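A quick write-up on the structure given underneath.
Predicted model, so just to flag it, every value in this text is computed and none were measured.
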Amino acid sequence: MAEQPRTWQLVERRALVADLVRTQAVLQARSDQLQQIFASRWYRLARFSWRLRRGTLFGKASPPRMAGEESFAQPLDGNGAQSPSEGGGADVAVLLLGERSPQPEAAIESLLEQSLAPGEVLLGNPDEMSAERQLDRLGARFLGTRICAVQQDEALSRSERLRELAELAEARWVAPLEPTLLYERDHLRELVACTHYAGAEVIGFPAPSRGDFHCYVEAVPPHSALAARHLVAERGWPRDEAAMREWFAQGVRIYAGAPPGRATMS
């Protein structure tokens, strides 16, 4: 009779060992899947953006946004450090698409030199090889700025991709930058200054060949303009001045400020 309990004990132990082996195999498979996810570039970008937004990467917290809160756009002093905004400033998000070009980081370089720090920077499909370095440099330069890298469907049009980025932005204004252009140091500052007195939904600089500064116009070059976030989130972004004139014909108010200089091809 003593043999029967011992036999059952052996059966139970073998069943338990078999269960443990199966559990270990499942856990190992899940671990391999997690390692693949952790090794992916989009996980690293997402984690980097989250750390920037939480303020844990560079030691300066980004305060939560509240309705009616003052702008996060802050000027930079001569040493590149942030200083309190002079008289406040418009809430602005920079939208930048990753494009294949001879110098894909041209707009990043001029953005880093801006005399006014944007409240947000949203990068759509940044270049795989330089994305983390770009995020690192932007985060170190613009402490407290919300910086996000967004994966987008490359089959979408440029206008649709900018519309998606505008939907993700939290700022009142968005400034789509052209990846192949170099911008003047005071580009954002001059645009933001116009938002304080121009009752318009699109604010930009006229083409260098025209002298119609500080007045309402039918169109401005899209590469030199900012617009109300809700407008871009609904419509996308016009490809040229002719397309922007269609906005004007539909009742959108457009204002031309005095440019600090002209954007030049890189």
Side-chain angles (χ1 to χ4, degrees), residues 63 65-78 82-96 107 110-111 113-122 142 144-146 162 165-166 169-178 181 183-238 240-241 243-263:
R65 292 173 174 265
M66 301 293 184
E69 182 180 16
E70 284 204 7
S71 170
F72 277 78
Q74 297 181 357
L76 304 175
D77 61 25
Q82 284 185 321
S83 59
S85 180
E86 299 172 354
D91 205 15
V92 60
V94 168
L95 311 182
L96 185 59
S110 54
L111 177 57
E113 296 299 321
Q114 288 299 302
S115 62
L116 191 71
E120 299 175 80
V121 178
L122 284 84
F142 300 132
T145 294
R146 176 182 177 238
L162 288 171
L165 295 183
E170 300 175 3
R172 290 180 53 225
W173 300 90
V174 295
L177 298 187
E178 183 64 36
L181 292 183
Y183 290 85
E184 294 291 330
R185 186 173 185 272
D186 292 328
H187 176 78
L188 289 178
R189 180 182 292 278
E190 294 296 332
L191 288 176
V192 166
C194 293
T195 65
H196 294 299
Y197 54 82
E201 294 174 284
V202 177
I203 298 173
F205 303 131
S209 60
R210 294 198 291 270
D212 44 356
F213 302 151
H214 291 301
C215 60
Y216 293 95
V217 295
E218 295 185 0
V220 292
H223 67 261
S224 68
L226 58 73
R229 187 202 67 81
H230 71 86
L231 192 68
V232 182
E234 294 169 0
R235 295 170 173 257
W237 193 238
D240 51 29
E241 290 185 71
M244 188 173 288
R245 288 190 184 92
E246 297 178 7
W247 286 20
F248 174 79
Q250 296 167 2
V252 175
R253 297 195 75 185
I254 303 171
Y255 186 85
R262 69 177 64 182

State, with a plain yes or no, whether a side-chain heavy atom of [X] is found less than 4.5 Å away from one of [Y].
X    : Y    : value
Y197 : H214 : yes
M244 : I254 : yes
V202 : W247 : yes
F142 : L111 : yes
F205 : L191 : yes
H187 : S110 : no
Y183 : P260 : no

- Message: Between T145 (side chain only) and P118 (backbone N and O only), is there a donor and an acceptor less than 3.5 Å apart?
- Response: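 Yes, the answer is positive, given that a donor and an acceptor are paired below the 3.5 Å cut-off.
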
- Query: Does D240 reach the main-chain N or O of A243 with its side chain, forming a donor-acceptor pair under 3.5 Å?
  - Reply: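 Yes.
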
- Task: Only counting residues at least two apart or in another chain, list the ones meeting salt bridge (charged side-chain N to carboxylate O under 4.0 Å, His left out) with E241.
- Result: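 E241 satisfies salt bridge (charged side-chain N to carboxylate O under 4.0 Å, His left out) with R210 only.
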
Restricting to non-hydrogen atoms, name the atom on [X] and the atom on [Y] that form the minimum distance, rounded to 0.1 Å.
X    : Y    : answer
R185 : E113 : CG-O, 2.9 Å
A228 : W173 : N-CE3, 3.5 Å
G257 : C194 : CA-SG, 4.0 Å
R245 : A219 : CG-CB, 3.6 Å

Please name all residues satisfying side-chain contact (heavy atoms from CB on, under 4.5 Å) with [X], sequence neighbours left out, ordered by chain then number.
X    : result
P176 : L95, L162, W237
E246 : none
A93  : E120, L122, A169, A171, V174

Would you tabulate the side-chain donor-acceptor contacts of residues 229-236 under 3.5 Å, counting partners in other chains and residues two or more places apart, or write 'none'?
unit_1: R229; atom_1: NH1; unit_2: A166; atom_2: O; d: 3.0
unit_1: R235; atom_1: NH1; unit_2: Q250; atom_2: OE1; d: 2.6
unit_1: R235; atom_1: NH2; unit_2: Q250; atom_2: OE1; d: 3.2

- Task: Check step by step if side chain to side chain contact (heavy atoms under 4.5 Å, CB included) holds for R146 and E170.
- Result: CA-CA 10 Å; R146 176 182 177 238; E170 300 175 3; 3.8 Å; yes

- Interatomic spacing from CD in E184 to CG in D186 - rounded to 0.5 Å: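 Interatomic distance, E184 CD to D186 CG, rounded to 0.5 Å: 8.0 Å.
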
- Nearest-0.5 Å distance, CD1 of residue I203 to CZ of residue R253: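 Answer for the CD1-CZ pair, I203 versus R253, is 10.5 Å.
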
- Task: Please identify each residue that fulfils ring pair (Phe, Tyr, Trp, His ring centres under 6.0 Å) with Y216, with sequence neighbours left out.
- Result: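 Partners of Y216 by the ring pair (Phe, Tyr, Trp, His ring centres under 6.0 Å) criterion, ordered by chain and then number, come out as Y255.
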
- Candidate pair L96 and L165, rule side chain to side chain contact (heavy atoms under 4.5 Å, CB included), full reasoning: CA-CA 9 Å; L96 185 59; L165 295 183; over 6 Å; no

